[in-house]
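Remarks on the structure that follows.
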Amino acid sequence: MVIQRWQSVMLLITVALMACFTFLSLGQVQTTDFTYNFTTIGFSIEGEPTDGSPHGYQVYTWFLFIVSLMAAILPFIDIFLYRNLPLQKRVCLIEIVFLLCVICIAGWEGYRGMPGYEVQWSSLAMAPFLSLILMVMSWTLINKDHKLLKSVDRIR
């Protein structure tokens, strides 16, 4: 017997939030010469290059990209582990650690990536915080279902 209700919805919302966080713009940095777009891959110059001006990524943040991509993939895998609740709870806890790492690394790279300039964060920068809340709620619901199934097994 398996009970899987709201935690699946919360895990799916976490997947969507972290996928958006991983692949969309997190903010911008305005310098005197250029406007830089901050994504999980790095800082890239916005606009079309003309007359040999620099273009592409100027600073790479691959570690942030990899950790945030893992934070988007793990909840998706976790949805399909409903038959093994102890493993599903462990993967949920690992995802919480990944989300905490994403929050710390994004903050670090956002404020350290372009020395002397500040990132103007987009609202998408709140996605890891919302995902963290959803993952904690999912973990509590999974734990509640696990306890319920153990109590039913004890009665049988």
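Side chains are part of it too, since the values below use all heavy atoms of this structure and drop only hydrogens, waters and symmetry mates. The residues of the chain are indexed from 1 along the displayed sequence.
- With a 4.5 Å cut-off on side-chain heavy atoms, Thr35 and Val29 do not count as touching.
- The distance from the CG atom of Leu11 to the CH2 atom of Trp6 is 13.0 Å, given to the nearest 0.5 Å.
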Pair Cys20-Leu124, side chain to side chain contact (heavy atoms under 4.5 Å, CB included): steps then yes or no: CA-CA 8 Å; Cys20 290; Leu124 191 59; 4.0 Å; yes
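- Val119 and Gly27 get closest at one heavy-atom pair: CG1-CA, 4.3 Å.
- At a cut-off of 3.5 Å, with distance as the only test, no side-chain donor of Gln7 or Asp78 sits close to an acceptor on the other residue.
- The two residues Pro128 and Ile103 come nearest to each other via the heavy atoms CB-CG1, 3.5 Å.
- In terms of the salt bridge (Lys or Arg N to Asp or Glu O under 4.0 Å) criterion, Arg90 has no residue partners (sequence neighbours excluded).
- Interatomic distance, CD1 of Ile105 versus OG1 of Thr40, reported as 11.0 Å (0.5 Å rounding).
- Within the 4.5 Å cutoff, the side chain of Met10 has heavy atoms near those of the Leu141 side chain.
- Considering all non-hydrogen atoms of both residues, Ala71 and Glu95 come closest at O-OE2, 2.7 Å.
- To the nearest 0.5 Å, the span separating CD1 on Ile73 from CE on Met18 amounts to 11.0 Å.
- Using a 4.5 Å cut-off on side-chain heavy atoms (C-beta onward), Leu17 and Met126 make no contact.
- Counting only residues at least two apart or on different chains, the ring pair (Phe, Tyr, Trp, His ring centres under 6.0 Å) pairs with a member in residues 89-112 are Tyr111-Trp121.
- Atom CG in Leu26 sits 5.5 Å away from atom CZ in Phe38 (nearest 0.5 Å).
- Of all heavy-atom pairs spanning Cys92 and Ile142, the tightest one is SG-CD1, 4.3 Å.
- Side-chain atoms of Ile133 and Phe129, non-hydrogen and from C-beta on, never get closer than 4.5 Å to each other.
- Take Leu12 and apply the side-chain contact (heavy atoms from CB on, under 4.5 Å) test, not counting sequence neighbours, and it matches Ile79.
- Pairing each heavy atom of Leu85 with each of His146, the nearest pair is CD1-CA, 3.7 Å.
- Annotation: side chain of Val97 is not in contact with side chain of Leu93 (no heavy-atom distance under 4.5 Å).
- Between Gln88 and Ile77 there is no side-chain heavy-atom pair separated by less than 4.5 Å.
- Scanning for ring pair (Phe, Tyr, Trp, His ring centres under 6.0 Å) contacts around Phe76 gives Phe80, with sequence neighbours left out.
- Contact annotation: the side chain of Thr61 never approaches that of Thr39 to less than 4.5 Å [non-hydrogen atoms, C-beta and beyond].
- Residue pairs satisfying the side-chain hydrogen bond (donor to acceptor under 3.5 Å, both in side chains) criterion with at least one member in residues 9-24, sequence neighbours excluded, are listed as follows: Thr22-Ser68.
- For the side-chain hydrogen bond (donor to acceptor under 3.5 Å, both in side chains) condition, the pairs that include at least one residue of residues 129-144, sequence neighbours left out, are Lys89-Asn143.
- Using a 4.5 Å heavy-atom cutoff, the side chains of Val102 and Phe21 are in contact.
- Within the model, atoms CG of Leu99 and SG of Cys104 stand 11.0 Å from one another, a figure rounded to the nearest 0.5 Å.
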